[in-house]
Every structure is written in C-alpha cells, then in structure tokens.
Amino acid sequence: RKEVEQDPGPFNVPEGATVAFNCTYSNSASQSFFWYRQDCRKEPKLLMSVYSSGNEDGRFTAQLNRASQYISLLIRDSKLSDSATYLCVVNTGFQKLVFGTGTRLLVSP
Amino acid sequence: DAGVIQSPRHEVTEMGQEVTLRCKPISGHDYLFWYRQTMMRGLELLIYFNNNVPIDDSGMPEDRFSAKMPNASFSTLKIQPSEPRDSAVYFCASSEGFSGYEQYFGPGTRLTVT
C-alpha cells in the first residue's frame, strides 16, 4: 500500500460547482498535512495546511480525519483558475515528507 | 525577494554524460530538499539537508546520483553517468523548518537524457 494515495482524476466540473478530493495516508503516526497546488509545467506551491480542527481559506476548506486516516479538500464556487493538480502532502514521521501523485482538476466554462 | 533559484532550467544530454543541477535556496532557510517528478511516479523526495548536512538520502535511486551542499546558499545534484530513465523534472525546495513548515520550490530543471 502506498504511504499517501490520491485519486488521479481528472475531475471535470463546470464553473461554480463544488468539488471535493480525498487523500488517504497509511502511517497513523503522521504529524502534519498539507495541500499543494501545481499548475501545468510549474512548481508546486502551498495551498493550505490542514489542521486537526479543520480550516477554511475563502472558497477552500481542508479537513483531517485521523480515525480514518484521510484528509480532504473542498473547493466551492469553482473558478476556471482553479484548474490545476492538487497534491496531498503528509509528514509521515521520522522527518519524512511524502507527496501524493496528485488529483487533476479541470474547471470548464 | 528572490525565491529558490535553479539552473539550468532545461538540460538535454546524451546517455553516459555527467549532469549537474544547481540550486540556491532562500536565504535563512535551514532545510533544502531535492525532488524528482515523473508522470509515472509523481514527486519523489531524493535527499534533504539540514544546515548543509545530508539527513536522509534514502530516496536517491542509486550510486549514480550524488548531492552536495558546500554552504548555506548552494547545492548540487549530480548524475554520473546519466541514463534515459533519469529523464524527469528535478525540483529543489527550501524551508525554515521541517515539520509543519511550508516548502518553497524552485522552478525546476527539466532533464532529458537521450
């Protein structure tokens, strides 16, 4: 089993839609969690950290479920500019960071 | 404020040649990471340094790969000899800390080995 798993997609949604991605991790001792965004042929950039209590940043909401070992990202009112690949990142402990392979989102007019 | 700087941005080389990728991290960042990204395997951590010291190189694929950080403002990733399967985008990233800290990525070096 992979340490961090994501559905590769693509998720095709119209503008204004709400879309959610999940990411599962295998190490229950994992300590910190992030969502990064990567545009085509660009470098990854931090979108948001994921806190135990869940957190929101504008149209984006991230949640952590330690019991089921997954994190989620919810995007409301999708914009064309949200089209990108979303990478789940987990600090699995032992000073080790693991990136998921990413979920591709395509928002269409 | 300059971000992470990588050079070259593109490299095309023939199998068997030596390839050296360069990275300048953000000033003041204590951690430096080298990643490789391919369509098949996604983003893989190759090695990371803390205060110029290599901490974990378990992701380095084989002895053909080596990385150095002679000072806080410069690191290299060397492949010798290169092979076609090394073709990928290589990213360097830096951060102020490890757990819970944002990593800032450079623009990457797109390596093609023919």
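What you see is a predicted model, and the numbers here were worked out from it, not measured in a lab. Because only heavy atoms are used, hydrogens play no part in the values below, and waters and symmetry mates are left out as well, while side chains stay in. Here is how names work: the chains are called A, B, and so on, in the same order as the sequence lines, proteins then strands, and each is numbered from 1.
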Would you kindly confirm whether [X] and [Y] end up in one hydrophobic cluster when ILVMFWY residues are joined by side chain heavy atoms under 4.5 Å apart?
X        : Y       : result
B:Val19  : B:Val89 : no
B:Leu111 : B:Leu77 : yes
B:Met15  : B:Ile79 : yes
A:Tyr70  : A:Tyr86 : no
A:Val98  : A:Leu87 : no

Please state whether the side chain, the backbone, both or neither of B:Tyr35 comes within less than 4.5 Å of a heavy atom of chain A. side chain

Checking heavy atoms, do the side chain of B:Gln103, its backbone, both or neither come under 4.5 Å from chain A? both

Would you find more than 12 non-hydrogen atoms of other residues, nucleotides or ligands less than 6.0 Å from A:Arg37 atom CZ?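 Result for CZ/A:Arg37: enclosed.
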
Decide if atom CD of B:Glu62 counts as having more than 12 heavy atoms of other residues, nucleotides or ligands within a radius under 6.0 Å. yes

Distance in Å, [X] [atom1] paired with [Y] [atom2], rounded so as to fall on 0.5 Å steps:
X       : Y       : atom1 : atom2 : answer
A:Glu43 : B:Gln6  : CD    : CD    : 8.5 Å
B:Ser95 : A:Leu97 : OG    : CG    : 8.0 Å
A:Phe99 : B:Arg41 : CZ    : CZ    : 15.5 Å

Contact winner vs chain B - A:Lys45, A:Gln38, A:Lys42, heavy-atom pairs under 4.5 Å: A:Gln38

Per-residue tally against chain A (heavy atom, under 4.5 Å) across B:Arg110, B:Met39, B:Met40, B:Gln37 peaks at B:Arg110

Side chain / backbone / both / neither for A:Phe33 at chain B, heavy atoms under 4.5 Å: neither

Do you know which two heavy atoms are closest between B:Phe105 and A:Pro44, and how far apart they sit? CD1-O, 3.5 Å

Given side chain to side chain contact (heavy atoms under 4.5 Å, CB included), test B:Phe98 with A:Asn91 step by step and report yes or no. CA-CA 9 Å; B:Phe98 192 93; A:Asn91 177 357; 3.9 Å; yes

